[in-house]
Participant: 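Got a structure here, written out as structure tokens. Questions coming.
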Amino acid sequence: MNYFTANPMPFTGFLSRILLLIVIYCLTTSHADCQSVSDFGIKPDSYENVTPRVQKIIEHIGKNNISKLVFPKGRYDFWPDGAIRAKYFVSNTSTEQEDSLKVKTIGMLFKNMKNLTIEGNGSLFIFHGKMTTVLFDRCENVFFQNIHIDFERPTMSEMRYTNVTEGGVDLEIHPDAKYSIEDGQLVWHGEGWKTNHFHAVEFDTTVKTMRYADWKTFNNSKATEIRPGLVNFETPPGFKPISGNILTVRDIIRDQVGMFILESKNVTLQDVGMHYMHGLGIVSQYTENITMRRVTCAPRKETKRIIASSADFMHFSGCRGQITVEDCKFSGAHDDPINVHGTNLRIAEKLENNKLKVRFMHGQSYGFNAFFAGDEVAFVHSSSMQRFAKGKVKAVNRTSDREIELTFEEAVPQNLEPNDCVENMTWTPEVLIKGSHFTRTNTRGILLTTPRKAIIENNTFYKTGMSAILIEADAEGWFESGPVRDVTIRNNTFVDCAYQGGPENAIIAINPSNKIADIKTPVHFNIKIENNIFKTFDYPILFAKSTKGLIFSNNTVIRTNDLKPQSTGKKMFDLNACSEVVISNVRLEGDVLGKNIKLNNMRKSDVKLDKNSSLMIE
């Protein structure tokens, strides 16, 4: 007799037991690899302060090598009470006078963690007071995804002009912008803070532009509350803003940041909404390989705000490997949506044959690790921005927050000049910015300086106040390094950008800080601008200085009329000390202004034009 036919039950029971063991194994294995905050009693939509409990969970998953932290979908509130407070120096943030302590109040701190996914399932994290929302400190292989971050009371205040008369204006204040009136003066306050450090930008609701404004008028005007949320100001004669426009006011002190990614590797933000950030935005500092995919930096629609950050949205300082920004949305920044750069440190003193003292020069950038043993560096003449020699770091000795002693494997160059700088070449990234949308900013769209390959493609830049794309190289102001060697800008659409004015404020500007503009010593090399559409009303398409190998080809320029030309004598191309320039197949549609090319410190033969080009070289 066939046992399997005659006795089916024993085998079925055996299979059931095996399947049960498999299920139990899978469940226990899954639990070991995945931790939900609900396992620790945290429930969404409770409006309770989850900060200290979430931090305990983070410490738990770190100790137990758990690879996934899950938040069931809902709202989670993070308050400063119980948050970790730790000292961090962050590039481009604050001076010693503005923020001497450099203490960050951190909603979620991930430190020395590897192979971790933080899954939000579309949750909304609401932060209170002034906080740095998330901080990754020396982490590796991290995914942060499906999470929206916002503040209950942003440190930005918004208000709309509703009634403008001679001698007075009414301002309708956004419900999220808390205020009081003290001795006839309006004071902004929030959850545990109030401020007098104002910086204002006005949004024109008709033409959708943002321009710098002045809050001093209101500081010197008597304020009277008509009703909650509506305040009248007695303003001086001649002050007549446009009714319906929105005035946005921020605290200028960058004592916190939106998110901080420090000395980490392989970090990905995916399907993330950063709907408000205090101070600088998402700062990636000396981190290798960063991906920003479908990250929305813009207010949530339901809040009816227009501003999402009081400074940059994404700031990459001293990073390396690959930076990828893909299919992102940027709307409502008081500064640049994207800034990619290194930091030039000025040579303060030659200590030994192979040893230099270098110094952080800009007031808001100092104190962080700018060099590591083994790093390759370039020595830079600040006057010409020329990288004139190379070196390799043997040892680093931090002597103060401002100064570092660098010991090199070989002797430093003999031809050092006053104010020369040292640039870290190891910590420079390749960059890809694609498929993204930039709008509602009074400054630039992208600032980019890296010697490695960079591609900016398939993006839309809609009414950026200054240049949509700015390539500098700076050893005088912000000390943001450095000269580029391979940049491609292709298949982008630019709409009415650079309306703030100034010849260097072209739609695309290449403007290094070198004082000596000599065609024989170019700063930048190999910049290709191809197959783009420029919809513009007036200003130069391109301003370029000290660039060799500049190609502008197969681009279309279309005249628009939403904005009025602001002055005469503008040039479509303004070139200074450039060489090997090719301008070809430029298609003009409509009454495009300034069909000419202005040259400074260069010859007509340095520019190659189509034989039948309608453009003229002056």
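Each residue takes its place number in the sequence, starting with 1. As the structure is a computational prediction, the values presented were derived from the model and not from experiment.
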Participant: Regarding Arg387 and Glu423, does a basic nitrogen lie under 4.0 Å from an acidic carboxylate oxygen?
Facilitator: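 Yes.
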Participant: Is there a donor-acceptor contact under 3.5 Å linking the side chains of Glu530 and Asn491?
Facilitator: no
Participant: Pick out which of Thr155, Thr133, Thr132 makes a side-chain hydrogen bond (donor to acceptor under 3.5 Å, both in side chains) with Gln256.
Facilitator: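 Among the candidates, only Thr132 passes.
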Participant: Do His275 and Ile149 pass the side chain to side chain contact (heavy atoms under 4.5 Å, CB included) test, and can you show the C-alpha distance, the side-chain angles, and the key distance before you say yes or no?
Facilitator: CA-CA 6 Å; His275 302 296; Ile149 289 176; 5.8 Å; no
Participant: Looking at Asn554 and Asn585, would you say the former's side chain and the latter's main chain have a donor-acceptor pair under 3.5 Å?
Facilitator: no
Participant: In Å and rounded to the nearest 0.5 Å, what is the CG to CD1 distance from Leu448 to Ile471?
Facilitator: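 Separation between the atoms: 5.5 Å.
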Participant: Taking the six-membered ring for Trp, are Phe552 and Phe534 closer than 6.0 Å centroid to centroid?
Facilitator: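 Yes: the rings meet the under 6.0 Å criterion.
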Participant: Hey, which of Tyr462, Tyr499, Phe461 is the one that makes ring-ring contact (aromatic ring centres under 6.0 Å, His included) with Phe494?
Facilitator: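 It is Phe461, the one option of Tyr462, Tyr499, Phe461 that forms the ring-ring contact (aromatic ring centres under 6.0 Å, His included) with Phe494.
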Participant: Tell me whether Thr547 contacts the main-chain N or O of Leu550 through its side chain, where contact means a donor paired with an acceptor under 3.5 Å.
Facilitator: no
Participant: Can any side-chain N or O of Glu158 pair as donor or acceptor with the backbone N or O of Ile307 at less than 3.5 Å?
Facilitator: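 Here the side-chain-to-backbone pair exists.
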Participant: What closest approach, in Å, do Gln386 and Thr521 show between heavy atoms, and which atom pair accounts for it?
Facilitator: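 Closest approach of Gln386 to Thr521: NE2-O, 3.0 Å.
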Participant: Considering only NZ, NE, NH1 and NH2 on the basic side and carboxylate oxygens on the acidic side, decide whether Asp255 and Lys130 come within less than 4.0 Å.
Facilitator: yes
Participant: Does Asp335 pair with Arg254 as a salt bridge, N-O distance under 4.0 Å?
Facilitator: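 Yes, this pair counts.
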Participant: Is any NZ, NE, NH1 or NH2 atom of the basic residue among Asp486 and Lys528 found under 4.0 Å from an Asp or Glu carboxylate oxygen of the other?
Facilitator: yes
Participant: Within the 3.5 Å criterion, strictly below it, is a donor on Thr209 or Asp204 matched to an acceptor on the partner's side chain?
Facilitator: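 Checked: Thr209/Asp204 side chains show no N/O donor-acceptor pair below 3.5 Å.
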Participant: For Phe127 and His278: C-alpha separation, side-chain torsions, deciding distance, then whether ring pair (Phe, Tyr, Trp, His ring centres under 6.0 Å) applies.
Facilitator: CA-CA 11 Å; Phe127 287 80; His278 171 68; over 10 Å; no
Participant: What about Phe543 and Phe573, are their ring centers closer than 6.0 Å?
Facilitator: no
Participant: If only side-chain N and O atoms count, and only distance matters, is there a donor-acceptor pair under 3.5 Å linking Arg250 with Ser310?
Facilitator: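 Distance-only check fails for Ser310 and Arg250.
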Participant: Quick check: closest heavy atoms across Asn514 and Ser546, and the distance to 0.1 Å?
Facilitator: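 For Asn514 and Ser546, the tightest heavy-atom pair comes out as ND2-OG, 3.0 Å.
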Participant: Provide the closest heavy-atom pair for Val283 versus Val90 in the form atom of the first, atom of the second, distance.
Facilitator: CG1-CG1, 3.7 Å
Participant: Quick one: do Glu580 and Lys608 satisfy salt bridge (Lys or Arg N to Asp or Glu O under 4.0 Å)? Show the steps, please.
Facilitator: CA-CA 8 Å; Glu580 297 182 17; Lys608 182 179 179 181; over 6 Å; no
Participant: Could you state the interatomic distance from CZ (Arg452) to CD (Gln322), rounded to the nearest 0.5 Å?
Facilitator: 11.0 Å
Participant: Taking the basic N atoms (NZ, or NE/NH1/NH2) and the acidic carboxylate oxygens, is any pair closer than 4.0 Å for Arg153 and Asp176?
Facilitator: no
Participant: Side-chain donor-acceptor pair under 3.5 Å between Asp170 and Asn232, yes or no?
Facilitator: yes
Participant: Do Glu202 and Asn245 get their side chains close enough for a donor-acceptor pair, meaning under 3.5 Å?
Facilitator: yes
Participant: Angle class for the Tyr276/Phe151 ring planes (parallel below 30°, perpendicular above 60°, tilted otherwise)?
Facilitator: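 Tyr276 vs Phe151 ring planes: perpendicular.
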Participant: So that I can tick it off, tell me whether Asp606 and Arg603 are bridged by a salt bridge, with the cut-off set at under 4.0 angstrom between side-chain N and carboxylate O.
Facilitator: yes
Participant: Measuring from Leu615:CG to Ile583:CD1, what's the distance to the nearest 0.5 Å?
Facilitator: 7.0 Å
Participant: Looking at Leu599, is its backbone amide N or carbonyl O close enough to the side chain of Asp574 to form a donor-acceptor pair, meaning the two atoms are under 3.5 Å apart?
Facilitator: no
Participant: What's the verdict on side chain to side chain contact (heavy atoms under 4.5 Å, CB included) for Phe368 and Gln285, showing C-alpha distance, side-chain angles and the deciding distance?
Facilitator: CA-CA 9 Å; Phe368 51 85; Gln285 186 168 293; 3.2 Å; yes
Participant: Nearest 0.5 Å please: distance from the CG atom of Asp312 over to the CZ atom of Arg444.
Facilitator: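 Those atoms lie 8.5 Å apart.
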Participant: Can you tell whether the side chains of Glu457 and Arg490 come within less than 4.0 Å, N to carboxylate O?
Facilitator: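 The answer is yes: the pair qualifies as a salt bridge.
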Participant: Can you name the nearest heavy-atom pair linking Thr287 to Ile261, along with the distance?
Facilitator: OG1-O, 3.2 Å
Participant: Let me see the working for Leu609 and Ile617 under side chain to side chain contact (heavy atoms under 4.5 Å, CB included), right down to the final yes or no.
Facilitator: CA-CA 9 Å; Leu609 275 178; Ile617 300 177; 3.7 Å; yes
Participant: Under a 3.5 Å distance rule, please check whether Ser467 uses its side chain to pair with a backbone N or O of Leu470 as donor and acceptor.
Facilitator: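 A pair under 3.5 Å: no.
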Participant: Out of the candidates Thr441, Thr248, Asn442, Thr443, only one should pair with His334 under the side-chain hydrogen bond (donor to acceptor under 3.5 Å, both in side chains) rule; please name it.
Facilitator: Thr248
Participant: Using only atom types and a distance under 3.5 Å, with no angle test, would you say the side chain of Ser91 pairs donor to acceptor with the backbone of Ser365?
Facilitator: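 No: the side chain of Ser91 does not pair with the backbone of Ser365.
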Participant: For Trp215 and Trp188, take the angle between the two ring planes, folded into 0 to 90°, and tell me which bin it lands in: parallel under 30, tilted 30 to 60, perpendicular over 60.
Facilitator: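 Tilted: the ring planes of Trp215 and Trp188 meet at 30° to 60°.
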Participant: Taking all non-hydrogen atoms of both residues, which atom of Cys319 and which atom of Ser284 are closest, and how far apart?
Facilitator: SG-O, 3.2 Å
Participant: Any chance you could lay out the side chain to side chain contact (heavy atoms under 4.5 Å, CB included) test for Arg440 and Met210, step after step, and finish with the verdict?
Facilitator: CA-CA 7 Å; Arg440 201 181 293 164; Met210 293 186 69; 3.2 Å; yes
Participant: Assess whether ring pair (Phe, Tyr, Trp, His ring centres under 6.0 Å) is satisfied between Phe239 and Phe218, documenting all intermediate values.
Facilitator: CA-CA 11 Å; Phe239 181 75; Phe218 298 100; 5.6 Å; yes
Participant: If you measure from NE2 on His524 to CG on Asn511, what distance do you get to the nearest 0.5 Å?
Facilitator: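 Those atoms lie 8.0 Å apart.
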Participant: Please report the closest heavy-atom contact between Ser221 and Thr235, naming both atoms and the distance.
Facilitator: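 What the structure gives for the nearest pair is OG-CA, 3.8 Å.
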Participant: Between Arg160 and Ile246 (side chain of the first, backbone of the second, donor and acceptor by atom type, cut-off under 3.5 Å), is there such a pair?
Facilitator: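 A pair under 3.5 Å: no.
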Participant: Are the side chain of Lys102 and the backbone of Asp99 linked by a donor-acceptor contact shorter than 3.5 Å?
Facilitator: yes
Participant: Taking NZ, NE, NH1 and NH2 as the nitrogens, is one of them in Arg293 or Glu326 under 4.0 Å from a carboxylate oxygen of the other?
Facilitator: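 Salt bridge: yes.
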Participant: Please confirm whether Tyr366 and Phe89 have ring centers closer than 6.0 angstrom.
Facilitator: yes
Participant: Mind checking whether Trp478 and His362 have parallel, tilted or perpendicular rings, split at 30° and 60°?
Facilitator: parallel
Participant: Could you give the distance from CG (Leu269) to CD1 (Ile290), rounded to the nearest 0.5 Å?
Facilitator: 10.0 Å
Participant: Kindly check if the number of other-residue, nucleotide or ligand heavy atoms within 6.0 Å of NZ (Lys329) is above 12?
Facilitator: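 Check fails, neighbour count at 12 or below.
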Participant: Do Arg346's NZ or CZ and the ring of Phe479 fall within the cation-pi criteria of under 6.0 Å and 45°?
Facilitator: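 No, a cation-pi geometry is absent between Arg346 and Phe479.
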Participant: Please answer whether the main-chain N or O of Thr195 pairs with a side-chain N or O of Asp251 as donor and acceptor at a distance below 3.5 Å.
Facilitator: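 No.
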Participant: May I ask you to say whether Arg300 pairs ionically with Asp150, meaning some side-chain N is under 4.0 Å from a carboxylate O?
Facilitator: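 Yes.
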Participant: Answer yes when Lys240 and Glu166 have at least one side-chain N-carboxylate O distance shorter than 4.0 Å, and no when they do not.
Facilitator: yes
